[in-house]
Amino acid sequence: MMPYKFAIDEVMTKISILREEFAALHSENPIEHVNSRLKSTESVLEKVARKGIAPSYQAIRTTITDIAGIRVVCSFVSDVYRVFDALTAQSDVRVIEVKDYIANPKPNGYKSLHAIIEIPVFLSDGPVPVTVEVQLRTVAMDFWASLEHKIYYKYDADVPAEMLAGLHDAADVAAELDSKMEELHRQVRRDTRRV
């Protein structure tokens, strides 16, 4: 698990640098907050058993891509893509897969930009490529996803139909909020340039 922990540290450092650079050079910070998590060994082994993966380091490493995870929460949808572009443009970041649930939301209304990236972690015996799942979303998307997670946990994944419909409606409201906030942000930027 150590290389995954170090990979989280590496990506968190990259994001921290981007955050400071945006604030210093562009007088705005598109990143509201960032958090990370490392799956526990028990959780990884449960997933290995559930998916029928061979219990070898190589099989786990190539099949389970969310052992190390980072969530970046941004103010606006445009910021999500801006941070994604800045992070993945770095020469030591290799993009393995991108799932754009903002452009193509899941049927339940879930929105987020997921990227599986690979970065080198430099250990004493040489570099090791490590995958990290990075999720980027807006504050509204994050609030919705947090509520959805709590509801699924509370109902042990057997959520009543009326609650699922309410969640879907809430996803539409969150998307509308993101759209309105984005437009206000554009207006502020236009007005600032005129001054």
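Note that these values count all heavy atoms, side chains included, but never hydrogens, waters or copies made by symmetry. Positions are given from 1 along the sequence. If you're wondering where the values come from, they're calculated on a predicted model, not measured in any experiment.
Between the side chain of W144 and the main chain of A175, no donor-acceptor pair closer than 3.5 Å is present.
Counted within 6.0 Å of CE on M1, heavy atoms from surrounding residues, nucleotides or ligands total more than 12; the atom is thus considered enclosed.
The cationic group of K106 lies under 6.0 Å from the six-membered ring centre of Y101 and within 45° of the ring axis, placing it in a cation-pi geometry.
Look at E183 and R186 and you find a salt bridge, because one of the NZ, NE, NH1 or NH2 atoms lies within 4.0 Å of a carboxylate O, short of that distance.
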Discussion item. What verdict does the side chain to side chain contact (heavy atoms under 4.5 Å, CB included) test give for S78 and E182, after you've listed the backbone C-alpha separation in whole Å, the side-chain angles of each residue and the deciding distance to 0.1 Å?
Written reply: CA-CA 8 Å; S78 59; E182 186 80 47; 2.6 Å; yes

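To the nearest 0.5 Å, atoms CG (L113) and OH (Y81) are separated by 5.5 Å.
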Can you give me every donor-acceptor pair (side chain of residues 115-128, partner residue at least two apart or in another chain, under 3.5 Å) with its distance?
residue, atom, partner, partner atom, Å
E118, OE1, R94, NE, 3.1
E118, OE1, R94, NH2, 3.4

Could you list the donor-acceptor pairs under 3.5 angstrom formed between side-chain atoms of residues 82-89 and any protein atom two or more places apart in sequence or on another chain?
residue, atom, partner, partner atom, Å
R82, NH1, E28, OE2, 3.0
T88, OG1, F84, O, 2.8

What pairs of donor and acceptor atoms, side-chain ones from residues 64-71 against any protein atom, are under 3.5 angstrom apart with sequence neighbours left out?
residue, atom, partner, partner atom, Å
D66, OD1, K47, NZ, 3.1
D66, OD2, K47, NZ, 3.0
R71, NE, Q135, OE1, 3.1
R71, NH2, Q135, OE1, 3.1

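Residue pairs that meet the salt bridge (Lys or Arg N to Asp or Glu O under 4.0 Å) test with at least one member in residues 126-137, sequence neighbours left out, are R137-D142.
Tracing side-chain contacts under 4.5 Å through hydrophobic residues (I, L, V, M, F, W, Y), one never reaches F76 starting from V134; they form parts of separate clusters.
Side-chain polar atoms of N108 and Y152 form no donor-acceptor pair below 3.5 angstrom.
Closest non-hydrogen pair, H168 versus G109, comes out as CD2-N, 4.0 Å.
For Q58, the side-chain contact (heavy atoms from CB on, under 4.5 Å) partners are S56, R61, T62, not counting sequence neighbours. Listed by chain and number, the residues in a ring-ring contact (aromatic ring centres under 6.0 Å, His included) with F6 amount to none (sequence neighbours excluded).
Between Y110 and H114, the two ring planes are perpendicular [angle over 60°; tilted spans 30° to 60°].
Between E10 and V132, every side-chain heavy-atom pair lies at or beyond the 4.5 Å cut-off.
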